[in-house]
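The structure under discussion appears below in the form of structure tokens.
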Amino acid sequence: MEPGAGFTTVAEELVLRRGLPRKPGGEPWPPAGTVTVQRAVAQAPASLAAAPEPGPSSAPQAEARAVQISDPGPRAAATGKPAPAAAPATKREPVTIGSRTLGQWAKLVVLWAVGAVVAAAIIVLAARGVTTLPGVPAFLERYPGEYHPAVPVDEGFPAWARWQHFLNFFLMVLIIRSGLLVRTKQRPDAFFAPRRGGRKVSIHLWMHTSLDVLWLANGVVFVVLLFATGHWARIVPTSWEVFPNALSAGLQYLTLDWPLENGWVNYNALQQLMYCVVVFLAAPLAAITGVRMSAWWPERAERLNRIYPAPLARALHFPVMLFFVLFIVVHVFLVFATGALRNLNHMFAGSDAATWTGFWWFAAGLLVTALATWAARPLVLAPIASVFGRVSER
């Protein structure tokens, strides 16, 4: 603004603080020093000279408004360029998990929950309708859902079966958690490399592989004891009657009219088939596909790689994990829906009574598993992994 009528020019010396270099190794800009700036200050018109004296705050306010309009700032006076406009206030970014915001995830969860309830209601009504069809009641009466095994089995659950049941659950939760981190973590927080040389992998993949080894060792011990004690007849079918009884048990589950539960003595046919699939099909399949995808698979074995390509292993490994997740969810739901206290006593207290002992052991196991899942982070994993190899940030 050019000085003119109603304005007067005032010179003022300002102190400049030392700035930062424009390029690495360059001189700081601007350098420390002083600069003289010209400020246009509003001057009262002559016609107002005879007016009553304004209040004490009028002149400072007028000067402040004029300075705000005309003062370009010390940096602009030193360079001759106008000062840059103030940057607009940045909008706070929404919290995101993966590719969706927290609000989008909440809406998705609500939609899935409502859809699941509606689908469950339709399935239950349809199953109840099936039980009224001709011949179905007679089928359910002939095949109540369980059969007596051809090989006698001791009642109850020995201590080794109860401990390995907990260890299996504990390791499976950590394996699923670490597997999801391997699948979704784009920038790992740390890396692991064997001391004797080898491929460097993320700390999450090292944890996933280490847990797999422990899980497989626990499974081998379980299978050996299963056949050494005769307990195998609980989960391995010994009669073709298992299939019609499994169909009957499944239909009864869908109607919410639960089949006869006497797991202390004998599993129903559907339970037996599912446990057999988990132990002798899903677990080996998870191990075989996991080994093929691991960093320790021999890459130069061309013939073996052609017979068993990595894409095939990847296509199978993730669905197997989803199967385990679904199995755990359904299994826990049915444990609580078909007599929680008695079922929990079977596997956690070694008793057929309906007391709270098994529940508290179950709660303690959940707490230990939750704490281990929370602690499975690079800060805790790095000292453990460093015992077996080298841990680095890159």
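Position 1 is the first residue of the sequence; numbering continues from there.
Taking the side chain as every heavy atom from C-beta outward, H331 and F169 never approach each other to under 4.5 Å. Counting heavy atoms from C-beta on, the side chains of V221 and W163 never come closer than 4.5 Å. Residues S202 and M207 have side chains not in contact (no heavy-atom distance under 4.5 Å, counting atoms from C-beta outward). Taking 4.5 Å as the limit, every side-chain heavy atom of F222 sits out of range of all side-chain heavy atoms of L167. For the pair T131/P137, no side-chain contact is recorded, criterion being any heavy-atom separation below 4.5 Å from C-beta on. Under the 4.5 Å side-chain criterion, counting only non-hydrogen atoms from C-beta, L174 is in contact with T373. Within the 4.5 Å cutoff, the side chain of P188 has no heavy atoms near those of the I203 side chain. Residues S351 and T357 are not in side-chain contact: their nearest non-hydrogen atoms beyond the backbone lie 4.5 Å or more apart.
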* To do: Let me see the working for M274 and V330 under side-chain contact (heavy atoms from CB on, under 4.5 Å), right down to the final yes or no.
  => CA-CA 11 Å; M274 289 305 301; V330 174; over 6 Å; no
* How far apart are the C-alpha atoms of V201 and T209, what are their side-chain angles, what is the distance that settles it, and do they pass the side-chain contact (heavy atoms from CB on, under 4.5 Å) test? -> CA-CA 10 Å; V201 298; T209 306; over 6 Å; no
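Dense packing is recorded around CZ of R377, with more than 12 heavy atoms of other residues, nucleotides or ligands lying under 6.0 Å away. Heavy atoms from other residues, nucleotides or ligands lying under 6.0 Å from CG of L111 number more than 12. Remark: D154 CG is loosely packed, at most 12 non-hydrogen atoms of other residues, nucleotides or ligands lying under 6.0 Å away. The number of heavy atoms from other shown groups lying within 6.0 Å of CZ (R303) does not exceed 12. The local environment of CZ in R142 is sparse, with at most 12 non-hydrogen atoms from other residues, nucleotides or ligands closer than 6.0 Å. With a 6.0 Å radius and a threshold of 12 heavy atoms from other residues, nucleotides or ligands, W264 has its CH2 atom above the threshold.
Proximity of a side-chain donor or acceptor of R162 to a complementary backbone N or O of F157 within less than 3.5 Å is detected. In this structure, the side chain of R128 engages the main chain of T255 through a donor-acceptor pair within 3.5 Å. Between the R390 side chain and the F191 main chain, no donor and acceptor come within less than 3.5 Å of each other. No side-chain donor-acceptor contact under 3.5 Å links Y147 to the backbone of W240. Without hydrogens or angle criteria, E241 side chain to E146 main chain gives no donor-acceptor distance under 3.5 Å. With hydrogens and angles disregarded, a donor-acceptor distance shorter than 3.5 Å links the side chain of Q252 to the backbone of S248.
Ring planes of F359 and F362: tilted class, angle from 30 to 60°.
R292 and N305 are linked by a side-chain donor-acceptor pair at a separation below 3.5 angstrom, with hydrogens and angles left out of the test.
Contact between N268 and G145 at its shortest, heavy atoms only, is CB-O, 3.3 Å.
Sorted by first and then second residue, the pairs that involve residues 310-325 and meet side-chain hydrogen bond (donor to acceptor under 3.5 Å, both in side chains), not counting sequence neighbours, are T289-H317.
Aromatic pair F348/W361: ring centres not closer than 6.0 Å.
Taking D212 as the reference, nothing meets the side-chain hydrogen bond (donor to acceptor under 3.5 Å, both in side chains) condition, with sequence neighbours excluded.
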